[in-house]
Number of protein chains: 2
Amino acid sequence: MQSFTEENYLKIIYHLAENTNNVQTNAIAEQMQTKPASVTDMIKKLADKGFIDYVKYQGVTMTEKGRNAAIDIVRKHRLWEVFLVDKLNFKWDEVHDVAEELEHIKSTALIERLDEFLGFPKSDPHGDPIPDKNGRFAKTQFTKLIELKIGDSGTITGVSQHSSAFLKHLEKLGLTLGKQIQINDVTDFDGSVEILILDKQINISREVAKHILISSNGKN
Amino acid sequence: MQSFTEENYLKIIYHLAENTNNVQTNAIAEQMQTKPASVTDMIKKLADKGFIDYVKYQGVTMTEKGRNAAIDIVRKHRLWEVFLVDKLNFKWDEVHDVAEELEHIKSTALIERLDEFLGFPKSDPHGDPIPDKNGRFAKTQFTKLIELKIGDSGTITGVSQHSSAFLKHLEKLGLTLGKQIQINDVTDFDGSVEILILDKQINISREVAKHILISSNGKN
DNA sequence: TATTTTTTTTAGATTTACCTAAAAATTTAA
DNA sequence: TTAAATTTTTAGGTAAATCTAAAAAAAATA
Ligand SMILES: [Mn+2]
Ligand SMILES: [Mn+2]
Ligand SMILES: [Mn+2]
Ligand SMILES: [Mn+2]
């Protein structure tokens, strides 16, 4: 059984490993909000315990054991987020920090019964997939809204930024999960995007468009 | 905000203070499953932070601040136990250890919404009162079953021992919360108690009888 | 009251997860 | 392909929560 800190490292390394082969010390330090020297200490420990493979100066990769441990934490995090939204009426921008704490509660029975209580949900309030108890989940194919061309349309199915500020902003714009959108225009001046949602045209910045994930229903 | 460890000390000191004026170092050590030397270190820290009053060699007493902090943790612990039993179908002997972890989750919003979700329960699965959000709760007047006389009757409304082994044993004997019982006889030989429950006569040991709490409906 | 026993505290270490500053390795650029 | 910049590691230290062994205080007993 791992400490809270070890679990947080594992989860962060797992997420970083989704985008790169060798996860770098500095990247981990940034995510953990700590110093590279501290990361070096910790990755040595995690390597000793067999959660990651580590070659000095070459960064780390996850072992099967590490990946399983990380997926288990991700599963807990996302199930708790569903609980908070579905049962306790939290908003999608209010759940992340509490789930960061709840994900460390150690009880297999608890999480399996919670899963059942929630009706075995397949995705969390931000559209992220929830691994089942064997760690399996559908790797959904998202396109970033920013990458769509004029005329393309699709459904909002996820976000790649979970900060409360960002999610509240989306909420205000009406850009919530399941909404249909269409790209009307892209402004030359600042790259901002004109989108059509429920027959209403709105303008969103590039920064916002980068973090909205679309399951496209056919390119233009 | 306190650390997990500080919260555990506060809760334990609070419970010990229910039975004695000055809580002793050794008593805390026993409950915390740690050594007296460690307790001395910690009570100095808690005293510095204003949670307890501490006079060297004289033991500790809780301050108002300490009591409030402790009651808040007790409230969380008991609400989570209700959640586990009422919503996730845990048995009353399975919830304590998980609640020991859940009680440390820091979110006022979470606990208030949980309270509401559960219908503002007044007592937990073991019959212990749940403080409201202002820390108020009814100090119920219990009698230990062992103290009743032959012919006395009453309702089981609590237990003073939360171990899984004890609670499973009670369950097997049918001695659960809300059950009506009557004292039929007390055996001279070993002090065991014959009780009548649902027209069935059973025999329970002194040790068991000590930890069953009865709200008596009239002495003999 | 003097002695023994018990309780509590102090002194000095250990472990975990951090830190800063400096050295070493790697990568990028000239 | 050398020099500069960046990344990573090491060395040495700190704070929290623990420990053991020994000293000090308080309580119980003779
Ligand atoms: Mn989250
Ligand atoms: Mn999420
Ligand atoms: Mn409990
Ligand atoms: Mn309880």
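Hydrogens, waters and symmetry mates are skipped; everything else that's a heavy atom, side chains included, is used. Per chain, numbering begins at 1; letters A, B, ... match sequence-line order.
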Quiz item: Under 3.5 Å, is there a donor-acceptor pair linking the side chains of A:H77 and A:H96?
Solution: yes
Exercise. Tell me which nucleotide among C:dC18, D:dT8, D:dA11 gets nearest to the side chain of A:A37.
Key: D:dA11
Quiz item: For D:dT18, does OP1 or OP2 lie under 4.0 Å from any side-chain N or O of B:Y9?
Solution: yes
Quiz item: Any side-chain N or O of B:T34 under 4.0 Å from OP1/OP2 of D:dC19?
Solution: yes
Quiz item: Counting any heavy atom closer than 4.0 Å, what does A:F4 reach on the DNA or RNA strands: base, sugar-phosphate only, or nothing?
Solution: nothing
Self-check item: 5' priority, DNA chain C, between A:Y57 and A:T5 [closest heavy atom]
Solution: A:T5
Quiz item: Would you say a side-chain N or O of A:S38 is under 4.0 Å from OP1 or OP2 of C:dC19?
Solution: yes
Exercise. Determine yes or no for a side-chain-to-main-chain donor-acceptor pair under 3.5 angstrom, with A:K91 supplying the side chain and A:N89 the backbone.
Key: no
Practice problem: Ignoring backbone atoms, test whether B:K56 places a side-chain nitrogen or oxygen under 4.0 Å from the OP1 or OP2 oxygen of D:dA26. | Solution: no
Quiz item: How close or far is atom P of C:dT9 from atom CD of B:Q58, stated in whole angstroms?
Solution: 9 Å
Quiz item: Between A:Q24 and D:dT7, is there a side-chain N or O to OP1/OP2 distance below 4.0 Å?
Solution: no
Practice problem: State whether A:T40 places a side-chain N or O below 4.0 Å from either non-bridging phosphate oxygen (OP1 or OP2) of D:dT9. | Solution: yes
Self-check item: N/O (side chain, B:N26) to phosphate O (OP1/OP2, C:dT8) under 4.0 Å
Solution: yes
Quiz item: So, B:W92 versus B:E81: side-chain donor-acceptor pair below 3.5 Å or not?
Solution: no
Quiz item: Does B:K35 put a side-chain nitrogen or oxygen below 4.0 Å from OP1 or OP2 of D:dT20?
Solution: yes
Quiz item: Do any side-chain nitrogens or oxygens of B:Y54 fall under 4.0 Å of OP1 or OP2 in C:dT9?
Solution: yes
Quiz prompt | Euclidean distance, atom CG of residue B:D41 to atom C1' of C:dA13 [Å, nearest integer] | solution = 12 Å
Self-check item: Gap between atoms CD1 and P, on B:I28 and C:dT9 respectively (whole Å)
Solution: 9 Å
Quiz item: Rounded to whole angstrom units, what separation is found between the CD atom of A:E6 and the P atom of C:dC18?
Solution: 10 Å
Quiz item: Given D:dT9, is OP1 or OP2 found less than 4.0 Å from the side-chain N or O atoms of A:K44?
Solution: no
Practice problem: Tell me whether the OP1 or OP2 atom of D:dT9 has a side-chain N or O from A:T25 closer than 4.0 Å. | Solution: yes
Practice problem: Rounded to the nearest angstrom, tell me the gap between atom CG in B:L16 and atom P in C:dT7. | Solution: 15 Å
Quiz item: B:N22 CG to D:dA27 P: how many Å, rounded?
Solution: 10 Å
Quiz item: Ring centres of B:F4 and A:F4 under 6.0 Å apart?
Solution: yes
Practice problem: Take the angle between the ring planes of B:F117 and A:F83 and call it parallel below 30°, perpendicular above 60°, tilted in between. | Solution: perpendicular
